[in-house]
Amino acid sequence: SDADVASDKDKAEGTNLKIGLIMLQGDTYYQGIQTGLEAAVKADGGSVTTGLSNNDPATESQVAQNMIQSKVDAILMQPTGGDASIATMQAIQKAGITLICYGNCTDAALEPENSSGVIQSDNTALGTGTGEAAATYINEKLGGKAKIAILNCDIASACKLRKAGFKKALEDAGIEADYVTDQEAYLADKSTAVTADILTANSDVDLIWASNEGGTVGATVGVKQAGSKIPVYGTDISVQLAEMLLDADGILQVTTGQDPIKTAEGAYEMAKKAIAGDKNDPFAVELPGIVYDRANAAGVNDFIAASK
Amino acid sequence: MAVADVEVLQKVPTSPLAAAFQRAKAWDGIGLLAVLVLLYVVLSLKSPYFLTTDNQLSILQNAAFFGIVAFAMTLVIVSGEIDISVGSMAALSSSMLGVFVVNHGVPMPVAVVLVIAAAAAIGAGAGAMRAYFGVPTFIATLALYLALKGLAQLLTNNFPLPIDSERFFYWGDGRVLGIPVPALYLAGTFLVLIIISKKTVFGRSIYAVGGNAKAAGLSGINVRRVKILVMMIVAITAAITGLLQTALLASGNSTIAVGLEFDAIAATIIGGAALSGGKGSIVGTVMGVLFIAALLNGMVLLSVNPYAQQVVRGAVVLAAVLVNVWRTRKSSLE
Amino acid sequence: MAVADVEVLQKVPTSPLAAAFQRAKAWDGIGLLAVLVLLYVVLSLKSPYFLTTDNQLSILQNAAFFGIVAFAMTLVIVSGEIDISVGSMAALSSSMLGVFVVNHGVPMPVAVVLVIAAAAAIGAGAGAMRAYFGVPTFIATLALYLALKGLAQLLTNNFPLPIDSERFFYWGDGRVLGIPVPALYLAGTFLVLIIISKKTVFGRSIYAVGGNAKAAGLSGINVRRVKILVMMIVAITAAITGLLQTALLASGNSTIAVGLEFDAIAATIIGGAALSGGKGSIVGTVMGVLFIAALLNGMVLLSVNPYAQQVVRGAVVLAAVLVNVWRTRKSSLE
Amino acid sequence: MDAAVPVLDCSNLSKSYGPVKALIDVDFTLQRGEVRALLGKNGAGKSTLVNLISGSVQPDDGTIRLSGQEVHWDGPGAARAGGISVVHQEFSLVPGLTVAENITMGRWPARNGFINQERLQAEAQRALDMLGVDLPSWQLVGSLPIAQQQMVEIAKALVDDPDVLILDEPTSALNATEVDVLLALIRRLAATGVTVIYVSHRMKEIPQVADRMTIMRDGREVATLGIEEANPERVAALIAGEATEVEAATFHDRSSAPVALSVRSLAVDGILNDVSFDLHQGEVLGIAGFLGSGRTELLEAIFGLRHDVSGEVLVGGKSIRRRKPRKMLAQRVAMTSEDRKHAGIVPALGVGENVVLTARGRVLPKFWLRSRAEARLQAATIDQLAIRTSSPAQEVGTLSGGNQQKAVIGRALAAEMQVLLLDEPTRGIDVHAKTQIYGLIRELALSGHSSIFVSSELEEMPLVCDRVIVLRAGRSCEVLAGEQVSAERILALTMKEAD
Ligand SMILES: Nc1ncnc2c1ncn2[C@@H]1O[C@H](COP(=O)(O)OP(=O)(O)OP(=O)(O)O)[C@@H](O)[C@H]1O
Ligand SMILES: Nc1ncnc2c1ncn2[C@@H]1O[C@H](COP(=O)(O)OP(=O)(O)OP(=O)(O)O)[C@@H](O)[C@H]1O
Ligand SMILES: [Mg+2]
Ligand SMILES: [Mg+2]
């Protein structure tokens with residue numbers, strides 16, 4: 001079965017393709033990418049091979065090597081970092097395999113010679129989306145001044161963009177922000193402990209911003225557990241986060257989610273086009289983030305319904 | 001060999017009291033206690049929040065999430081074995097609970113029992129591999145470290161599974177008389193395991209097996225059973241840790257407890273246990289646990305750069321071990 | 001004690017030829033070789049791409065990124081020690097190179113020498129802690145595992161540092177006579193280390209020290225120097241791995257080589273080395289390295305779910321070790 | 001002979017380990033209150049027989065009857081409950097447990113799994129009283145001297161009033177007085193009806209304690225004799241399978257030969273105190289003394305293994321300061337440890353490799369191995385010492401004790417060492433192998449090597465030594481030379497009250 005090679009006709013029509021998918025790690029977002037892609041590819045009679053880089057460019061290069069050897073028609077790859085992954089991306093192209101960059105493509109990964117197409121959430125916008133909501137809150141409730149604690153996931157380059165986006169949104173809204181601490185916390189259990197410690201050391205913190213799903217869950221749980229009411233602004237969406245947005249405790253306020261299914265489908269379409277010999281135009285697509293707000297329960301409920 | 005011992009030979013103490021006194025004087029833990037006190041003094045001076053009741057309780061709660069395992073790990077290390085799969089085991093337990101409760105509608109108490117039983121079986125399996133086939137536990141649990149984590153991700157597809165049960169959450173973030181429930185678990189595990197280690201036949205057998213497995217076997221101690229049981233106990237504590245985390249986070253997660261094995265082993269070693277077996281105590285491990293928990297808490301309170309935190313952590317583990325080695329030093333090589 | 005020999009004692013002396021034959025028959029690696037061949041047969045049947053020259057070269061290239069370290073790790077394990085900090089060491093080396101070349105404009109060859117010297121010094125430090133203070137290398141390198149990784153991140157702020165040097169990239173992805181350069185490094189390291197281990201006084205001393213450190217010391221072997229040197233060698237191979245990765249990725253990275261220690265140790269153990277020291281061979285490790293590399297490659301070729309890959313990996317490590325233990329089994333507990 | 005049912009009756013016991021037949025069709029019958037000595041070379045099957053009787057190994061074939069009942073032990077615990085206790089050849093104590101816990105190990109009195117400390121202490125005390133020794137029962141065993149540990153070991157076997165007590169080489173770590181205490185105790189126990197199996201290589205002890213003796217060879221029982229029928233020559237012949245001759249050394253007066261090594265006012269705090277002597281070229285100097293008199297420490301102090309030493313050591317007239325093994329080896333002084341297993345051989349390496357460990361970098365090249373030269377040296381040494389091995393590649397751990405010891409001594413010879421410090425080179429090896437070691441040491445002396453010979457078996461001294469120094473209270477006291485060297489004299493002097 002996997003020995004089957006797509007015929008020229010298949011390639012032209014985009015059927016029976018063998019697609020390689022490289023993800024950073026396992027989490028809700030990538031799960032969405034994987035399911036979305038598998039559904040779309042299967043509908044065309046193709047197959048998907050998935051690999052994890054675990055955020056390690058070296059592992060990424062090895063996974064890519066192995067996929068090249070298994071003669072996939074295209075590789076959809078979320079690079080561990082634009083610059084860190086450049087050599088791997090070039091190696092894939094050199095092997096004559098179509099490459100689409102998805103999810104987070106920065107720096108060199110944005111160059112047209114390094115891939116056949118780029119589709120990603122606008123990570124800066126993921127930060128800005130939440131940042132704007134936070135700015136509104138600060139302006140209305142805190143008189144435009146706030147002490148803010150950040151839980152970062154800077155090990156991934158996308159997170160740095162999110163942070164920049166968040167800060168920029170506050171700056172644009174004229175907020176006088178004091179970032180009292182910026183701690184690494186992107187796994188749910190670790191973030192809970194870190195949040196508790198932050199609240200102890202900075203009892204005057206006005207709000208917390210967390211840069212990914214695990215961090216947002218941990219921050220919300222940590223605040224609740226400390227018996228505090230400090231609002232949490234988050235990033236990413238999952239069923240659990242959606243339920244937290246609906247929770248009466250009123251801790252998690254707003255989070256900006258990506259749309260993994262759309263990203264996956266879009267990337268696949270771009271791959272098909274490139275395989276068929278067409279140029280992708282536009283070369284780079286940016287998908288907006290979706291802002292989920294406690295104030296808009298309907299939108300949150302829609303997400304939950306769609307996830308079940 | 002050690003000169004001190006020869007002296008002891010010359011004037012063997014003549015009463016149990018004198019012996020007890022001598023032992024206290026030579027207590028290996030004294031160096032560690034001094035280091036711990038020093039850490040507390042430094043952190044108290046550096047941060048006004050450190051010594052507050054709230055913060056100390058918070059340290060205890062966070063300590064629970066690796067301390068419960070550390071106590072059991074002490075028994076494992078005293079028996080001459082090791083378990084580096086505890087983090088993956090905790091993640092698997094959390095995932096299993098999520099899958100049982102959320103996907104299959106299993107009632108919570110049943111699910112909890114199932115998860116703990118599964119963990120016990122896996123732990124016993126690793127112990128049995130050691131006991132019956134001589135596969136070193138380092139290797140067996142290295143393999144489990146990968147396999148269990150993979151299994152957890154496979155089960156949940158790496159989605160967190162939100163659990164909806166206020167009663168259950170209580171175990172993660174409730175309080176009894178103002179004390180966080182996980183801290184109570186920590187204390188409970190401490191009590192149970194210290195009684196086991198000091199007062200029961202099984203507990204003393206662990207020291208016998210770790211000190212001289214052959215002799216223990218010849219005396220009629222069931223060495224295999226001891227090895228299997230300690231591996232089972234540590235797996236159960238890993239599962240309990242996973243369940244407490246699940247209750248705290250209100251969801252079954254395959255991403256939790258990364259590096260749990262590091263903290264649990266480090267606490268045990270800092271507490272004075274020897275990797276070669278036969279030596280170590282749960283009281284020592286308590287200090288090791290508090291040491292690490294206070295250090296992690298203190299570094300966040302002081303907003304230390306997270307990367308630098310890692311460096312400090314590594315350096316401090318090394319320093320603590322050096323202090324210990326220094327005090328109990330027999331002879332280095334040659 | 002061993003059985004065969006008592007018989008031999010009865011009817012001494014057999015001819016050297018017969019003895020050689022007996023040894024070949026009893027060669028511990030034979031079981032592993034069979035397993036490796038089996039894996040190759042299965043993967044060849046399952047995937048038409050597996051046995052192509054290109055794919056085999058690609059396996060070799062990927063094997064290089066943990067095999068170079070695995071060969072040195074074999075010496076470490078034979079000497080009775082272990083190093084679990086190699087992944088962090090590789091990450092630190094890559095980061096240092098990036099910082100030297102990109103941030104400080106140090107010429108590449110100088111930077112490479114500096115990085116390797118630093119790694120050697122750190123490795124020798126861990127060895128010295130063992131040799132002079134009796135700190136087990138498991139503990140010392142556990143601490144380094146954290147500290148070096150933290151240092152790498154601190155140095156680079158966790159940003160990749162793109163390096164611009166075509167000459168340098170060649171070391172990562174160039175080819176000589178069609179063979180990838182890292183694979184040549186793998187072969188080179190194999191040759192150097194097998195010659196060291198079989199043909200030099202130092203190499204044989206590693207076996208003596210791991211087999212019985214006390215006896216080795218009384219025989220006039222410098223036990224401390226041996227321990228320090230093996231730790232230094234493995235640190236150097238970790239640095240080389242980090243540099244090759246840097247060349248391949250064209251940037252200094254603090255996030256590379258996660259889990260390198262796992263693969264290196266697993267390959268060594270699969271290759272038949274005993275954690276207790278004194279036993280193991282680089283030839284065995286070659287098979288362990290090929291086994292893991294072929295397995296990882298095969299699973300991607302067969303589109304195995306990445307989480308299931310972890311499970312398979314764990315299970316297979318365990319199985320390979322069981323086969324080994326089975327063959328060389330002396331007696332289990334009791 | 002006796003109408004009573006024998007306490008222990010083994011018939012047709014066989015046990016194989018793979019191709020090795022460790023025990024073949026052994027019949028073994030014991031009467032109540034009998035003390036039976038069990039003799040045989042290393043590997044003759046003594047320990048295996050003991051292991052079968054005590055349940056730690058299962059027989060392949062044959063039956064064991066205890067007081068007429070056929071028994072099948074499924075482990076050592078069962079055998080002990082059935083009334084059979086063993087003091088094993090290898091130490092079986094746990095250093096991290098107390099004396100009392102060790103004595104009662106494996107049968108700690110407990111209810112619901114909880115240990116009853118009072119009963120535990122009482123039981124341990126009772127066993128210690130039975131043994132007639134005074135040991136602190138709360139002390140950690142790891143902190144006791146070896147001889148006291150051995151007493152704990154024996155108390156451990158006595159704690160559950162065995163019908164059959166098996167002692168597998170219990171005296172190899174005891175000195176003469178302690179041996180006497182032990183032998184008296186055994187007689188006392190036998191008088192109360194306990195049956196004792198006594199395994200030993202020390203011929204001298206046998207007539208003092210045993211009623212009868214069983215001699216084993218190559219896994220078979222070759223003879224069972226009453227003690228009165230056993231004269232030493234006959235026993236030795238039965239053990240070895242051929243008559244072995246033990247001839248006393250002809251005394252060489254080397255006092256005019258140049259001094260190879262001299263020791264001046266050597267002291268180790270609390271153990272040695274002003275020890276001085278000269279070792280001449282071609283001389284074998286015995287060091288006699290109690291167990292614990294510091295003989296091992298003396299050798300360690302000379303060889304640079306201790307850091308708490310004062311005094312002077314001269315080799316060839318040159319004072320060697322800051323001694324350490326490598327420095328001493330450079331002066332051609334080598335030491336072999338009393339602990340062959342843990343500090344002598346490297347078990348997993350071949351015999352040949354073991355033999356050249358010291359030679360490498362000294363008489364063999366420093367960096368590269370020269371395989372030819374190496375093989376030649378290995379073969380020559382194996383040949384010179386007549387080490388019985390199938391090939392130089394055979395793992396040394398699989399050889400018999402005597403051959404292992406030869407390999408350890410061979411290591412020094414291959415490296416062309418001139419002065420040998422031999423600590424208990426004959427410990428735990430059989431009569432035949434001992435004779436070979438004696439011969440070897442004498443031969444080396446003739447070829448100009450000097451040796452210091454430490455042994456707890458005083459009878460050996462006259463067989464090997466030209467001169468004997470008696471160590472007492474940490475001082476080098478009397479010197480015996482030539483005809484004066486006799487076991488009785490040495491014993492008397494070691495026991496003399498400290499002045
Ligand atoms: N566990 C075992 N595995 C393999 N062979 C063994 C084992 N135990 C004993 N043997 C072999 O069985 C034979 C008898 O050994 P045993 O230990 O009974 O001898 P012994 O008479 O007690 O010798 P020693 O005087 O050295 O104690 C020897 O050849 C020995 O190598
Ligand atoms: N490992 C040890 N721990 C504590 N004390 C020891 C140790 N080894 C020796 N000693 C003590 O040091 C002193 C000298 O012992 P040493 O072993 O040198 O005596 P020895 O005459 O060589 O006797 P042996 O027959 O045991 O070799 C004794 O008091 C002994 O109990
Ligand atoms: Mg024996
Ligand atoms: Mg001695």
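Proteins get letters first, then strands, A, B, ... in listed order; numbering begins at 1 in each. Worth saying up front: this structure is predicted, and the values here are computed from it rather than measured.
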* Asked: Which bit of C:Leu142 is near chain B, if near means a heavy-atom gap under 4.5 Å: side chain, backbone, both or neither?
  -> both

* salt bridge (charged side-chain N to carboxylate O under 4.0 Å, His left out) contacts touching residues 85-97 of chain C (sequence neighbours left out) -> none

* To do: Begin with the C-alpha distance, continue with both residues' side-chain angles, and end with the deciding distance and a verdict on side-chain contact (heavy atoms from CB on, under 4.5 Å) for B:Gln310 and C:Leu154.
  => CA-CA 10 Å; B:Gln310 301 280 83; C:Leu154 208 55; over 6 Å; no

* To do: Measure C:Ile82 against the heavy atoms of chain B and call it side chain, backbone, both or neither at under 4.5 Å.
  => side chain

* Structure fact -> Here the gap from B:Asn157 atom CG to C:Asn305 atom CG, rounded to the nearest 0.5 Å, amounts to 7.0 Å

* Whether over 12 other heavy atoms sit under 6.0 Å from B:Tyr307 OH -> yes

* Asked: For chain C, which residues of residues 258-268 of chain B have at least one non-hydrogen atom nearer than 4.5 Å to it?
  -> B:Phe262, B:Ile265

* Structure fact -> Most contact-rich option vs chain C, by heavy-atom pairs under 4.5 angstrom, among B:Leu275, B:Val317, B:Leu218, B:Leu148, is B:Leu275

* Considering all heavy atoms, the nearest C:Ala147-B:Gly314 contact -> CB-CA, 4.2 Å

* Asked: Should we say atom CZ of C:Phe202 is surrounded by more than 12 heavy atoms from elsewhere, each under 6.0 Å from it?
  -> yes

* To do: Give, for atom CG of B:Leu318 and atom CZ of C:Phe133, the distance between the pair rounded to the nearest 0.5 Å.
  => 10.5 Å

* Residues of residues 85-92 of chain C under 4.5 Å from chain B (heavy atom pairs)? -> none

* **Under 4.5 Å from any heavy atom of chain B - which part of C:Leu144** => neither

* Top contributor to chain C interface from B:Gly150, B:Pro136, B:Pro306 [non-hydrogen pairs under 4.5 Å] -> B:Gly150

* Are side-chain heavy atoms of B:Leu146 and C:Val311 found at a separation under 4.5 Å? -> no

* To do: Go through C:Leu155, C:Ile269, C:Ile139, C:Val135 and name the one with the most non-hydrogen pairs under 4.5 angstrom from chain B.
  => C:Ile139

* At a heavy-atom separation under 4.5 Å, does B:Leu151 approach chain C through its side chain, its backbone, both, or neither? -> both

* Residue pairs, two or more places apart or on separate chains, that pass salt bridge (charged side-chain N to carboxylate O under 4.0 Å, His left out) and touch residues 145-161 of chain C -> none

